[in-house]
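If you're wondering where the values come from, they're calculated on a predicted model, not measured in any experiment. Residues take their numbers from the sequence shown, with the count starting at 1.
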Amino acid sequence: AKGYPMKLKHLSYALTLALVAAGSLQAKTVDITLTAKEVSLPIDNKGTMATTWTFDGQVPGPLVRVTEGDTVYVTLINDKANHNSHSIDMHASQEDVLTDFEPVSPGSVGKYTFVAKHPGVFFYHCGADPMIQHVARGMYGAILVEPKDSTMPKADREYVLVQSEQYPNPENVPEMMANKWSHVVFNGIPFRYDPVHDEAASKMLQAKPGELVRIYFVNAGPNEFSSFHPIAGIWESVYPSGNPKNVLHGMQSYVVGPGDAATFDIRSPKEGANAIVSHSLRQALTGAIAVLQFTNDADPAMGHGDNIIVR
């Protein structure tokens, strides 16, 4: 009988070691390589081209997807054809801003490593000076840190929307500092998913009635707050910063500041459309509207794979 507590102690210790080992086995290393590219891209649905600063030649940059606990190796290549230094600031990381986020000159490579300790959806962006210009010209994206043990319901479809402002002259930093933007946009183009307000728009977000649609929303700014609202719908759940522990229910709108992000769940009981907007109407009516069409014949590819960011 005297040895029984000691046996329990040893058993508890063994179970603890097993749980730690299991957690270690689940975590993995992930290599993320992004290339800063200064390229010409369309800035509206008609195909007007402009010199844009990007990650991997896309606005927004690629969706980075890892799991809580992963060790993430970040490599930034600054294309030798570029004229400017660039950097990458991952909001999911905890680093030394002076060394890990330092600018990388054209033709050079920067690297750092972090452990993804907190689940959620986070902003990443260029932090080179002037940061406001690098973000305004397109150097931003989303990193999703998926929780190890999620309490969130499984989504039927997922979409990424990144809000930002367009400025008439991308060389005019004082105008950016004065907040003199011409459009507020989702995923780089005004009314990109809204053929109602721009007949040149060729795509919408799609889902079937009853499906749970999860929107990972990032506000790249660089200046404006977003009052994120689904016209003709209600957010079933909102997760500030995308963390499953931060959950709100039955929300009509939720404010996301510049450099912040949140996860939004929505479903429709019937066929029809919701218009996802920033409910600051000056923002919505200059471009921050995305139509989410609920139809029984929704394209099964939409909201999956390469169509999580609809390009």
Side-chain angles (χ1 to χ4, degrees), residues 44-45 59-60 63 121 123 140-142 144 152 155-166 181 183-221 224-242 248-258 260-295 298-299 302-304 307-311:
D44 60 28
N45 289 318
V59 178
L63 174 63
V121 59
F123 181 39
Y140 52 75
L144 178 62
M152 300 166 73
D156 295 297
R157 298 179 194 249
E158 301 172 302
Y159 292 105
V160 169
L161 290 176
V162 183
Q163 178 174 313
S164 63
E165 299 120 42
Q166 273 188 4
W181 47 266
H183 299 277
V184 173
V185 306
F186 292 150
N187 292 353
I189 290 177
F191 304 116
R192 186 165 197 162
Y193 313 114
D194 181 11
V196 176
H197 289 88
D198 185 351
E199 61 184 17
S202 60
K203 296 179 180 177
M204 296 182 290
L205 310 184
Q206 297 182 41
K208 293 182 178 181
E211 288 186 330
L212 181 64
V213 179
R214 181 159 292 149
I215 296 176
Y216 303 109
F217 178 72
V218 172
N219 184 1
E224 292 286 356
F225 284 70
S226 178
S227 180
F228 201 55
H229 169 72
I231 296 176
I234 294 176
W235 298 123
E236 187 170 301
S237 301
V238 177
Y239 302 87
S241 281
L248 304 167
H249 299 289
M251 302 294 289
Q252 58 189 316
S253 301
Y254 185 77
V255 175
V256 179
D260 204 355
T263 298
F264 295 82
D265 284 355
I266 192 169
R267 73 177 90 220
S268 176
K270 60 184 180 180
E271 288 193 293
N274 291 170
I276 311 299
V277 304
S278 173
H279 215 302
S280 167
L281 293 181
R282 182 184 168 211
Q283 295 178 20
L285 296 175
T286 57
I289 303 177
V291 174
L292 173 54
Q293 187 74 39
F294 290 96
T295 60
D299 185 342
M302 295 292 285
H304 302 282
N307 287 313
I308 293 176
I309 301 180
V310 181
R311 300 193 187 273

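At least one donor-acceptor pair under 3.5 Å links the side chain of Trp235 to the backbone N or O of Phe228. Checked by atom type and distance alone, the side chain of Gln293 never pairs as donor or acceptor with a backbone atom of Leu205 at under 3.5 Å.
Atom-to-atom distance recorded for Gln206:CD and Glu211:CD is 10.5 Å, nearest 0.5 angstrom.
Listed by chain and residue number, nothing satisfies the salt bridge (charged side-chain N to carboxylate O under 4.0 Å, His left out) test with Glu199 (two or more places apart in sequence, or in another chain). In this view, Asp194 and His197 satisfy the side chain to side chain donor-acceptor pair (under 3.5 Å) rule, not counting sequence neighbours.
With hydrogens and angles left out, the side-chain atoms of Asn187 and Tyr193 include a donor and acceptor closer than 3.5 Å. In this model, no donor atom of one side chain and acceptor atom of the other lie less than 3.5 Å apart for Thr295 and Glu271. There is a side-chain donor-acceptor pair under 3.5 Å between Asn45 and Asp198. Glu165 and Gln283 form no side-chain donor-acceptor contact under 3.5 Å, judged by distance and modelled atom types alone.
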Steps toward side-chain contact (heavy atoms from CB on, under 4.5 Å) verdict (Glu236, His249):
CA-CA 6 Å; Glu236 187 170 301; His249 299 289; over 6 Å; no
In sequence, state the C-alpha distance, the side-chain angles, and the governing distance for Val160 and Val218, and then conclude on side-chain contact (heavy atoms from CB on, under 4.5 Å).
CA-CA 8 Å; Val160 169; Val218 172; 5.7 Å; no
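Applying the ring-ring contact (aromatic ring centres under 6.0 Å, His included) test to pairs two or more places apart or on separate chains, those with a residue in residues 266-288 are His229-His279.
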